[in-house]
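Single-structure report; data block below.
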Amino acid sequence: VSSHQPINCIEKACMLRPLEAPFRYLFGPGPSNVPPRVLAAGGRPIIGHMHSEMFGIMNDIKKGIQYAFQTSNNMTLAMSGSGHTAMECALFNIVEPGESVLVAINGIWGERVAEISERMGAKVHTLVKTPGGHFTNAEIEQALAKHKPVLFFLTHGESSAGLVHPVDGVGDICHKYNCLLLVDSVASLGAAPLLMDQQNIDILYTGSQKALNAPPGTAPISFSERACHKMFNRKAKPVSYLLDMTHLSNYWGNDGKPERTYHHTGPVSGFFALRESLAILAETGLENSWKHHTEVAEYFWKGLEDLGLKLFIKDKDLRLPSVTTIAIPEGYNWKELLAYIMKHHRIEFTGGLGPSVGMLLRIGLMGYNCNKANAAMALAALEDALKQCRMSKA
């Protein structure tokens with residue numbers, strides 16, 4: 001008789017109840033609510049991750065990303081994981097231990113890149129501004145000349161501050177100093193203009209869960225030929241096997257080999273959803289998507305100012321259309337405001353992140369959530385909270 005008997009005293013009662021997940025309006029910096037069409041795509045029957053039909057879907061995803069990024073790069077794919085996975089993939093594959101990296105830090109994402117680079121043994125140099133600050137091309141060039149990095153990192157959509165960073169000319173300056181340009185567009189892709197090839201960006205990545213309308217868990221990324229030359233001529237293998245582009249380029253059919261071999265099991269349902277979200281972007285058109293996000297953001301900004309609130313980013317041209325930041329109003333406890341809005345309106349707004357904690361509130365209206373009705377709902381919830389939570393001890 002087997003002695004392998006389950007131990008019934010181990011708590012399992014919660015698992016005998018059905019799954020409960022509340023409906024909420026996700027008006028924070030992401031993830032966003034997902035349209036029914038994308039939810040339905042993610043709910044289709046699973047197929048094998050190495051089936052020919054799956055490879056066809058992955059080929060479609062590649063073309064969809066090339067359109068979204070405005071690039072003809074062959075080395076374009078979607079990572080199995082969130083935006084952080086793409087961030088690590090870029091750094092692990094491009095940078096070797098002991099090489100110099102320059103990181104622009106004006107919020108949390110630069111901080112994360114600097115830490116990852118340090119962990120993998122790079123020599124990290126930083127350009128630092130307080131949240132909401134941006135870097136001039138002259139400042140960037142001066143730092144490139146001084147530190148001679150192999151890679152320069154810049155966040156296009158700094159969601160922790162609500163800033164969209166100018167990119168024009170930065171790629172040209174990087175190439176002048178034989179440096180690759182890595183850009184994070186997780187919070188901005190589809191919401192603010194970005195043209196990978198035209199702006200000479202060498203590595204660009206984003207996440208699925210913001211303006212792209214898909215659930216979290218897949219992360220588009222693309223590498224230029226210059227980046228590929230550096231990546232595939234390393235002295236040592238990248239520190240991560242899972243994120244090694246020699247394997248991933250084969251899995252995505254980008255290495256010119258006739259067969260794709262097993263590397264890891266991709267998130268099949270996630271890829272279904274991502275393909276559908278990229279199809280929606282293609283149908284809408286990039287320019288229409290940018291214009292729509294700007295129009296809704298401007299409507300929302302005016303409404304916030306009418307409530308007497310101060311926008312955190314003063315220069316309208318530097319405001320991220322997908323994530324609006326407002327200075328915490330005087331005399332209010334920001335956590336109390338957010339808790340009240342969640343409890344009474346089922347709406348998620350968030351506070352700051354990283355260096356911007358305690359400085360601002362963040363409200364995201366992107367992708368499927370980006371419309372004037374939702375902006376009006378967000379404004380009404382804020383107005384109610386400002387009345388009910390007034391003069392709380394901050």
### Query
Is the distance between the ring centroids of Y205 and W109 less than 6.0 Å?
no
### Flag if over 12 foreign heavy atoms under 6.0 Å of CZ, F312
yes
### Query
Step by step, would you call L91 with F153 a side-chain contact (heavy atoms from CB on, under 4.5 Å)?
CA-CA 10 Å; L91 295 168; F153 171 83; 5.9 Å; no
### Query
Would you say the side chain of P215 lies within less than 4.5 Å of the side chain of V38, judging by non-hydrogen atoms?
yes
### Task
Report yes or no: does R346 contribute a side-chain atom to a donor-acceptor pair with the main-chain N or O of R24 at less than 3.5 Å?
no
### Query
Is the shortest distance from a Lys or Arg side-chain nitrogen in E139 or K129 to a carboxylate oxygen in the other one below 4.0 Å?
yes
### Message
Looking at S356, is its backbone amide N or carbonyl O close enough to the side chain of S160 to form a donor-acceptor pair, meaning the two atoms are under 3.5 Å apart?
### Response
no
#### Entry: Stepwise side-chain contact (heavy atoms from CB on, under 4.5 Å) test for L353 and S159
CA-CA 9 Å; L353 188 64; S159 57; 5.5 Å; no
### Task
Please name the pair of heavy atoms, one in G157 and one in S188, separated by the smallest distance, quoted to 0.1 Å.
N-OG, 3.7 Å
### Message
Is there a path of hydrophobic side-chain contacts, each under 4.5 Å between heavy atoms, that joins V268 and F55?
### Response
yes
### Query
Do H125 and P149 have side-chain heavy atoms sitting under 4.5 Å apart?
no
### Query
Without hydrogens or angle criteria, can the side chains of H263 and D244 be said to hold a donor-acceptor pair below 3.5 Å?
no
### Query
Of the non-hydrogen atoms in L181 and C174, which two are nearest, and what is the gap between them?
CB-SG, 4.0 Å
### Task
Verify the cluster assignment for L360 and Y332: are they in a single hydrophobic cluster under the rule of side-chain heavy atoms below 4.5 Å apart?
no
### Query
Is it true that the side chains of D168 and Q199 contain a donor and an acceptor less than 3.5 Å apart?
yes
### Message
Quick check on E287: does its CD atom have over 12 non-hydrogen neighbours (other residues, nucleotides or ligands) under 6.0 Å away?
### Response
no
### Message
Strictly distance-based, threshold 3.5 Å: is any side-chain N or O of S208 a donor or acceptor partner for the main-chain N or O of L274?
### Response
no
### Message
I need the S52 OG to I57 CD1 distance, nearest 0.5 Å.
### Response
10.0 Å
### Message
I want to check something: taking the side chain as every heavy atom from C-beta on, are M50 and M54 in contact at a cut-off of under 4.5 Å?
### Response
no
### Query
So does K302 pair up with D306, basic N to acidic O under 4.0 Å?
yes
#### Entry: Least distance between heavy atoms, R226 atom then C179 atom
NH2-O, 3.5 Å
### Task
Hey, could you give me the CE/CE distance between M87 and M79, rounded to the nearest 0.5 Å?
12.5 Å
### Task
Answer yes if V101 and I201 sit in the same cluster of Ile, Leu, Val, Met, Phe, Trp and Tyr residues linked by side chain heavy atoms under 4.5 Å apart, and no otherwise.
yes
### Query
Any idea how H264 and Y251 line up, ring-wise: parallel (<30°), tilted (30 to 60°), or perpendicular (>60°)?
perpendicular
### Message
Please tell me whether S224 and N73 have a donor and an acceptor in their side chains that are separated by less than 3.5 angstrom.
### Response
no
### Query
When clusters are formed by joining ILVMFWY residues with side-chain heavy atoms under 4.5 Å apart, either directly or through shared neighbours, do I108 and L361 land in the same one?
no
### Task
Please report the C-alpha distance between M366 and V323 in whole Å, then the side-chain angles of each, then the deciding distance to 0.1 Å, and finally whether the side-chain contact (heavy atoms from CB on, under 4.5 Å) criterion is met.
CA-CA 8 Å; M366 53 192 130; V323 182; 3.9 Å; yes
### Between H344 and D384, a side-chain donor and acceptor under 3.5 Å
no
### Message
Please report the interatomic distance CG(L278) to CG(L212), rounded to the nearest 0.5 Å.
### Response
5.5 Å
### Query
Any donor and acceptor pair, going by atom type alone, linking the side chain of R362 with main-chain N or O of G351 inside 3.5 Å?
yes
### Short side-chain to backbone donor-acceptor contact, N93 and M231, under 3.5 Å
no
### Query
How about I173 and F152: do any of their side-chain heavy atoms sit closer than 4.5 Å?
no
#### Entry: Contact check, side chains of L337 and P329, non-hydrogen atoms, under 4.5 Å
yes
### Query
Does some side-chain heavy atom of Y368 sit less than 4.5 Å from a side-chain heavy atom of P36?
yes
### Query
Where do Y299 and A376 come nearest, in terms of heavy atoms and distance?
OH-CB, 4.0 Å
### Task
Would you check if the side chain of T325 reaches a backbone N or O of A161 as a donor-acceptor pair within less than 3.5 Å?
yes
### Query
Counting distance only, does the side-chain N/O of H293 pair as donor-acceptor with the main-chain N or O of S289 below 3.5 Å?
yes
#### Entry: ILVMFWY cluster, F223 and L248 together (side-chain gap under 4.5 Å)
yes
### Pair H247 + Y241: ring centers closer than 6.0 Å
yes
### Query
Heavy-atom distance under 4.5 Å between the side chains of T206 and F69, does that happen here?
yes
### Query
Passes ring pair (Phe, Tyr, Trp, His ring centres under 6.0 Å), H49 versus F271? Steps please.
CA-CA 10 Å; H49 67 292; F271 288 156; over 10 Å; no
### Query
Got a second to check how far Y340's OH is from L386's CG, nearest 0.5 Å?
10.5 Å
### Task
Determine whether more than 12 heavy atoms belonging to other residues, nucleotides or ligands lie under 6.0 Å from atom CD of E298.
yes
### Message
Taking side-chain contact (heavy atoms from CB on, under 4.5 Å) as the criterion, tell me which of I116, V124, L151 meets it with V95.
### Response
L151
### Query
Would you call R44 and E276 a salt bridge, using N to O less than 4.0 angstrom?
no
### Query
Quick check: does any side chain N or O of E88 sit under 3.5 Å from a backbone N or O of T85, one acting as donor and the other as acceptor?
no
### Query
Is L77 close to M245 at the side-chain level, that is, under 4.5 Å between some pair of heavy atoms?
yes
#### Entry: Exercise: do N106 and T155 side chains pair donor with acceptor under 3.5 Å
no
### Task
Could you please spell out the steps behind the side-chain contact (heavy atoms from CB on, under 4.5 Å) verdict for V34 and N213?
CA-CA 5 Å; V34 174; N213 293 304; 5.6 Å; no
### Task
Determine yes or no for a side-chain-to-main-chain donor-acceptor pair under 3.5 angstrom, with N369 supplying the side chain and N374 the backbone.
no
### Query
Has R37 got more than 12 heavy atoms of other residues, nucleotides or ligands less than 6.0 Å from its CZ?
yes
### Task
Measure the acute angle between the ring planes of F27 and Y25, then classify it against the limits of 30° and 60° as parallel, tilted or perpendicular.
tilted
### Task
Might you point out which heavy atoms bring P31 and L26 nearest each other, and give the distance in Å?
O-CB, 3.3 Å
### Task
First locate atom CG of L382, then atom CD1 of I341, and finally report the distance between them rounded to the nearest 0.5 Å.
4.5 Å
### Message
Just verifying a value: how many Å separate R319 CZ and T324 OG1, rounded to the nearest 0.5 Å?
### Response
8.0 Å
### Task
Would you please say whether a donor-acceptor pair under 3.5 Å links the side chains of K62 and N74?
yes
### Query
Do you know the tightest heavy-atom contact between I94 and L180?
CG2-CD1, 3.8 Å
### Query
Counting only N and O atoms by type, is there a donor-acceptor contact under 3.5 Å from the side chain of N254 to the main-chain atoms of T76?
yes
